[in-house]
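Below, each value reflects all heavy atoms present in this structure, side chains not excepted, and no hydrogens, waters or symmetry copies. A note on names: the letters A, B, ... follow the listed sequences, proteins ahead of strands, and every chain is numbered from 1.
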Protein chains: 2
Amino acid sequence: MQPKLADVAKLAGVSVTTVSRVINERGYLSAETKEKVFSAMQQLNYQPSLAARVLQGKQFKLVGLIFASLENPLIAQVVEEIENNLFSHGYKAIICNSMDNPEKEQQYLKMLMANQVDGIITGSHNEGIKEYKMSGLPIVSYDRYFQNKIPTVSSDNQAGGELAARTMIEKGSKKLMLVSGSLEKRAPNNSRITGFEEIAKAHQLPVSVVEFPFNATPTIRRATLREKLGAYQPDGVFCTDDQTALLCIQEAKKLGMRVPEDVQVIGYDGSNYVQEYHPELSTIVQPVSDIADLLVRILFNRLQKNEDQLLDNYVLPIKLLQRDSLRN
Amino acid sequence: MQPKLADVAKLAGVSVTTVSRVINERGYLSAETKEKVFSAMQQLNYQPSLAARVLQGKQFKLVGLIFASLENPLIAQVVEEIENNLFSHGYKAIICNSMDNPEKEQQYLKMLMANQVDGIITGSHNEGIKEYKMSGLPIVSYDRYFQNKIPTVSSDNQAGGELAARTMIEKGSKKLMLVSGSLEKRAPNNSRITGFEEIAKAHQLPVSVVEFPFNATPTIRRATLREKLGAYQPDGVFCTDDQTALLCIQEAKKLGMRVPEDVQVIGYDGSNYVQEYHPELSTIVQPVSDIADLLVRILFNRLQKNEDQLLDNYVLPIKLLQRDSLRN
DNA sequence: TATTTTATGTCAAACGATTGACATATTGTG
DNA sequence: CACAATATGTCAATCGTTTGACATAAAATA
């Protein structure tokens with residue numbers, strides 16, 4: 001059995017109240033007693049029962065992370081950085097892979113509420129889930145709009161789309177194609193599309209649009225891309241996520257199109273993984289560290305009930321990573 | 001405030017004991033009462049306080065996952081599949097990125113103990129951490145050997161190394177190179193090396209060995225690989241992980257070596273990501289789903305105190321995924 | 001009809017830590 | 001020396017749920 005407060009008290013030769021005082025830093029305490037208590041805790045390898053503390057109204061120091069899937073390198077990185085961030089504040093993260101499944105997401109929310117987590121950070125695709133409102137929990141979202149004053153952090157999707165268009169037009173592309181990795185309305189994501197389209201229109205260049213449902217498999221995407229690339233023969237393709245962009249490059253090459261001579265390709269996300277292991281891909285890079293940082297910061301702000309200066313949306317700047325899928 | 005048991009009881013017009021009986025399925029209960037209670041729970045959106053239940057000796061239904069880093073696609077996939085598996089059993093997962101840092105791992109163990117998680121699944125690199133013994137928690141490990149009867153699940157590393165060697169030798173490689181993604185002793189990992197070396201020796205073929213410390217950055221790996229490839233000019237390279245294999249292919253090409261004509265390359269891991277987005281790479285594929293499944297199954301077995309038929313090591317079969325980095 | 005079985009209720013003690021109220025020493029300060 | 005500040009102790013209630021002991025009443029069975 002795990003040692004309890006009383007065991008520590010006995011070993012240290014003090015009362016349980018005193019031990020509790022030491023742990024919670026209340027009242028007057030001599031250095032000597034603190035020392036005794038701490039060493040007793042060490043010896044017994046004592047860890048206060050979180051369950052018992054929570055019952056007293058203390059925080060669990062537990063945050064729920066709801067994201068679609070860790071198999072997306074960007075999400076994996078965001079989750080990892082959030083987790084590191086939380087850890088440094090003494091918080092733990094419960095991970096929830098919603099798999100883009102609203103039912104699963106709903107069940108997760110119930111679980112998280114039962115666990116009485118202190119807050120939730122979500123980057124999942126499904127919205128209109130009423131439990132979000134009911135939960136009464138502090139929630140922060142990544143790159144998703146919610147109806148009810150849930151703060152959202154995202155990269156500057158609009159500017160990203162614009163930058164992608166401007167860049168490839170500058171470098172000579174005239175016959176553009178836009179591939180949306182997932183069609184969901186209301187996602188900030190969509191600004192990537194509008195940003196791109198606006199610039200294209202300003203230059204009076206046509207844009208062929210391909211949209212995938214979010215659950216399209218790589219195989220389906222490949223087949224579709226192959227067909228669209230072959231049929232339309234674009235000389236510049238912007239994909240709203242890196243993974244689709246990779247497929248796009250690969251299929252273009254299979255069709256005998258040279259990248260970037262015949263067709264330039266730009267992706268979106270710029271995870272560490274893509275930067276390191278797909279050196280060819282040019283992409284719009286999201287500031288992941290800043291995003292993770294801000295998400296946690298906002299959550300803590302809400303946790304501490306400092307309901308002050310909370311914006312509804314935080315939009316962080318993106319930048320272009322230019323590599324071989326773009327001409328010089 | 002969250003509704004409590006008493007609120008449900010009042011709304012359902014029964015006693016708290018009855019509600020508790022319904023929830024815990026104890027004693028005699030009429031269908032009618034159950035119905036009333038369930039509907040009251042629904043109406044109030046009642047979730048029993050896990051903290052209170054845990055205090056009564058119930059399980060948290062919480063498992064700690066300690067892995068090095070989610071930025072490795074294989075780990076991300078393993079974690080994701082474990083999490084899905086746990087979820088279907090009503091369990092949640094706390095995620096811990098140890099970042100290959102023993103100190104962090106130790107802190108995590110403490111946290112997990114304080115949280116009174118029901119068990120731990122670890123695939124982290126650091127061993128000899130005494131807290132593992134002290135924790136008294138059921139632990140299962142992935143691809144790591146521990147001294148003290150902690151069950152381990154791994155892919156058949158030895159067979160994987162052998163298969164890699166046999167395959168490339170069969171396909172004509174005579175000047176072999178072995179690149180170890182991380183040098184750690186005592187890891188099952190090492191069998192990949194010995195397996196490869198044994199077959200090479202049996203064929204009286206020389207093997208040049210390159211070893212990286214686990215924390216070598218991609219940049220360092222690239223530079224080293226470039227030099228070793230250039231100096232040794234191997235015609236067959238086996239890398240003990242896919243990421244290093246990708247770097248290897250890329251650097252070989254930069255050096256003007258053709259893959260697979262001049263040099264064949266085989267990796268190890270075969271995560272979904274690599275299969276989908278690096279179609280060129282040939283690799284030894286670990287059965288990730290089976291691994292995740294087994295890890296969870298073993299953990300549950302220990303949780304239920306069925307200390308029966310528990311092997312120390314479970315070695316699951318691997319298979320070769322042959323693609324363009326190998327000759328036909 | 002007598003006796004089980006079924007169905008529910010009341011009550012109170014746990015689980016482990018926190019905390020307020022209050023008591024009692026030992027210091028230190030003016 | 002008086003009075004405050006410091007240091008610790010005792011005691012009991014509390015958080016929300018579980019559970020055992022016991023009581024009671026209705027329905028089912030013998």
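Contacts of B/Ser69 classified as side chain to side chain donor-acceptor pair (under 3.5 Å), with partners at least two apart in sequence or in another chain: A/Glu80. Listed by chain and residue number, nothing satisfies the side chain to side chain donor-acceptor pair (under 3.5 Å) test with A/Gln47 (two or more places apart in sequence, or in another chain). Every residue meeting the side chain to side chain donor-acceptor pair (under 3.5 Å) condition with A/Gln286, not counting sequence neighbours, appears here in chain and number order: A/Tyr142, A/Ser155, A/Asp269. With sequence neighbours excluded, the residues forming a side chain to side chain donor-acceptor pair (under 3.5 Å) with B/Asp293 are B/Asn85, B/Arg297, listed by chain and number. Remark: A/Ser289 pairs with A/Glu81 by the side chain to side chain contact (heavy atoms under 4.5 Å, CB included) rule, at least two apart or across chains.
Residue A/Val14 is in sugar-phosphate contact alone, with no base atom involved, counting any heavy-atom pair closer than 4.0 Å across all strands shown.
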In B/S/- notation (B base, S sugar-phosphate only, - none; protein heavy atoms under 4.0 Å), nucleotides 15-30 of chain D written 5' to 3' is BBBBBSB---------
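The ring-ring contact (aromatic ring centres under 6.0 Å, His included) contacts involving residues 7-48 of chain B comprise nothing, where partners must be two or more places apart or lie in separate chains. Sorted by first and then second residue, the ring-ring contact (aromatic ring centres under 6.0 Å, His included) pairs with a member in residues 93-124 of chain B read A/Phe87-B/Tyr108; sequence neighbours excluded. For residues 52-68 of chain A, the pairs satisfying side chain to side chain donor-acceptor pair (under 3.5 Å) are A/Asn24-A/Arg53, A/Asn24-A/Lys58, A/Gln59-A/Tyr91, with sequence neighbours left out.
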So which protein nitrogen or oxygen atoms get under 3.5 Å of nucleotides 26-30 of chain C's nitrogens or oxygens?
none

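For A/Tyr28 and D/dA4, the OH to P distance is 12 Å, given to the nearest whole Å.
Remark: nothing in residues 31-40 of chain B comes within less than 4.0 Å of DNA chain D through any heavy atom.
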Cut-off 3.5 Å, no hydrogens considered: what does the side-chain donor-acceptor table look like for residues 10-19 of chain B, sequence neighbours left out?
| residue | atom | partner | partner atom | Å |
| --- | --- | --- | --- | --- |
| B/Ser15 | OG | B/Thr18 | N | 3.2 |
| B/Ser15 | OG | B/Thr18 | OG1 | 3.0 |

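Side chains of B/Pro73 and A/Tyr273 form a contact here, defined as non-hydrogen atoms less than 4.5 Å apart.
One finds no side-chain N or O of B/Ser30 lying less than 4.0 angstrom from the OP1 or OP2 phosphate oxygen of C/dT6.
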